[in-house]
Protein chains: 2
Amino acid sequence: MKSEDKKTKRKEDVKKTILDAAKKLFVEEGYQSASIRKIAAEIGVSPTTIYLYYKDKSDIAYALHQEGFLLLKTLFSSLISVEDPFERLKAIGRTYIRFALEHPDFYELMFMMKEPMDHLDSESEEECWEEGKQVFEFLMYTIGECQQKGYFEGSDLSSTALQSWATVHGLCSLFISTHLQKVGEECLSQEDTELLLETAFKTYVHFLEQTKNNHK
Amino acid sequence: MKSEDKKTKRKEDVKKTILDAAKKLFVEEGYQSASIRKIAAEIGVSPTTIYLYYKDKSDIAYALHQEGFLLLKTLFSSLISVEDPFERLKAIGRTYIRFALEHPDFYELMFMMKEPMDHLDSESEEECWEEGKQVFEFLMYTIGECQQKGYFEGSDLSSTALQSWATVHGLCSLFISTHLQKVGEECLSQEDTELLLETAFKTYVHFLEQTKNNHK
DNA sequence: TCAAAAAATTAACACTGTTAATATTTTTAA
DNA sequence: TTAAAAATATTAACAGTGTTAATTTTTTGA
């Protein structure tokens, strides 16, 4: 019915309003500090109203997590045009790193925190991690094409994808958790942490290049 | 003076008692859940007493962080006997992974959380990250020896060390944040996450082997 | 023994997520 | 149009958090 649709639409609008307020506070002062009460105050409703639209705080965390993946997928979508698979793989890595550096809060929510993940488990109907799935499958597809060009010989697709994701994620998460800064200061006398990250990534790419079988 | 020593010794004893209680709760139910009040109740003192021995909760977090590094260093110390540097490098990786899987809470505190790191910054006299430094330098030393045997040619020491740390850390942190589980279920139809981690590590080692210049 | 110093406590502040009970507003049907 | 029903929002409260100021208890040294 028409009125039914209108109702659910309005409900969706309120959900969006709440999420926007949550996002604003989240980006400005981090997840922990974006409390239910602050979100409510931001849009001028009582704290309990939030619970009429979101099950709990981790539900909001998951919604933001999804927004983050939407953004990352947008960034990745322009890389489909890169024809050479190894060039595309490098571009995926660079884009991923740029995303982490420009949106550290989102990165934390998407790849470092347990909370939005817990929400997925508790969800009825086993709602799957569609967003993450798509991103990972794009990586796997690209690596598969690289293999056909002679890269990563003798290694299976999933391990290679997992391993390359882990490498770049490792660098990004060490950056965000400030561990990279500390190692830079204490061990490497290098304060420019972004450069450190960049260089380590290049070293990794160099290793990958050496896996190429040139007879193919 | 003797009485002075006794006094500071007793003070240290109480600090240790508090830390042990904190560690117990921390290992049993995680950092967030190990509240000041619970720690105090555990040893039968009032919550405010804790603040006479530790500046704040992040101070306790840092003390536990140090305990974790002590344990990791103990595990690493037995690897000095491994003569072949590449074998030693592999052993370091395996030991690191085993540590992460067996002590996920400590791993989180040591390598994933910002809180203990913040404490280092706020510390007067710029107390340096000695524990982490030692571990990283052991890695660098080993990689340096690998280079002399023809591995990692054309890559500088610090980038290679950083990159290999990031790879293994990436795998461990994705395991702990449950992201690896989700990718295993959704994309790879592989529920055995530890096996997934293991295999990805082996793939990485295989890549490293291919960097060897056999003419040396 | 008694004053000074040290150590521990109680009470309180300002928060947090979350729920039950209540009130208000909107929608539906007579 | 108006009364009942449904949806929506609110207040009050619970049980917890880290942390500090003021106060009391205990220990120490002369």
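Proteins come first, then strands; the chains are lettered A, B, ... in the order of their sequence lines, and each starts at number 1.
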d(CD1, Ile50(B); C1', dA7(C)) in whole Å: 13 Å
Distance-only polar pair, side chains of Tyr204(B) and Tyr204(A), donor-acceptor under 3.5 Å: no
Phosphate OP1/OP2 of dA7(C): any Thr49(B) side-chain N/O under 4.0 Å: no
Mutual orientation of the aromatic rings belonging to His169(B) and Tyr107(B) [parallel < 30°, tilted 30-60°, perpendicular > 60°]: parallel
Nucleotide dA22(D), atom C1' - distance to CG of Leu52(B) in whole Å: 14 Å
Nucleotide dG18(D), atom C1' - distance to CD of Glu115(B) in whole Å: 10 Å
Touch class at under 4.0 angstrom, heavy-atom based, for Tyr54(B) against every strand present: nothing
Nearest-Å distance for atom pair NZ/P, residues Lys15(B) and dA7(C): 13 Å
Separation of dT17(D) P from Ile60(B) CD1 (nearest whole Å): 13 Å
Residues Glu145(A) and Tyr141(A): side-chain donor-acceptor under 3.5 angstrom: yes
Distance below 4.0 Å between Tyr53(A) side-chain N/O and dA9(D) OP1 or OP2: yes
Partner residues of Glu194(B) under the salt bridge (charged side-chain N to carboxylate O under 4.0 Å, His left out) criterion, sequence neighbours left out: none
Would you tabulate the pairs of protein nitrogen or oxygen atoms and nucleotide nitrogen or oxygen atoms of nucleotides 11-18 of chain C closer than 3.5 angstrom?
| from | atom 1 | to | atom 2 | distance (Å) |
| --- | --- | --- | --- | --- |
| dT16(C) | OP1 | Ser35(A) | OG | 2.7 |
| dG17(C) | OP1 | Ile36(A) | N | 3.2 |
| dG17(C) | OP1 | Lys57(A) | NZ | 3.3 |
| dG17(C) | OP2 | Ile36(A) | N | 3.0 |
| dG17(C) | N7 | Arg37(A) | NH1 | 2.6 |
| dG17(C) | O6 | Arg37(A) | NH2 | 2.9 |
| dT18(C) | OP2 | Tyr51(A) | OH | 3.0 |
| dT18(C) | OP2 | Lys57(A) | N | 2.9 |
| dT18(C) | O5' | Tyr51(A) | OH | 3.4 |
| dT18(C) | O4 | Arg37(A) | NH2 | 3.4 |

Below 4.0 Å: OP1/OP2 of dT9(C) and any side-chain N or O of Ser46(B): yes
Aromatic centroids of Phe111(A) and Tyr96(A) separated by under 6.0 Å: yes
Spacing of NZ belonging to Lys73(B) relative to OG belonging to Ser78(B), to within rounding of 0.5 Å: 14.5 Å
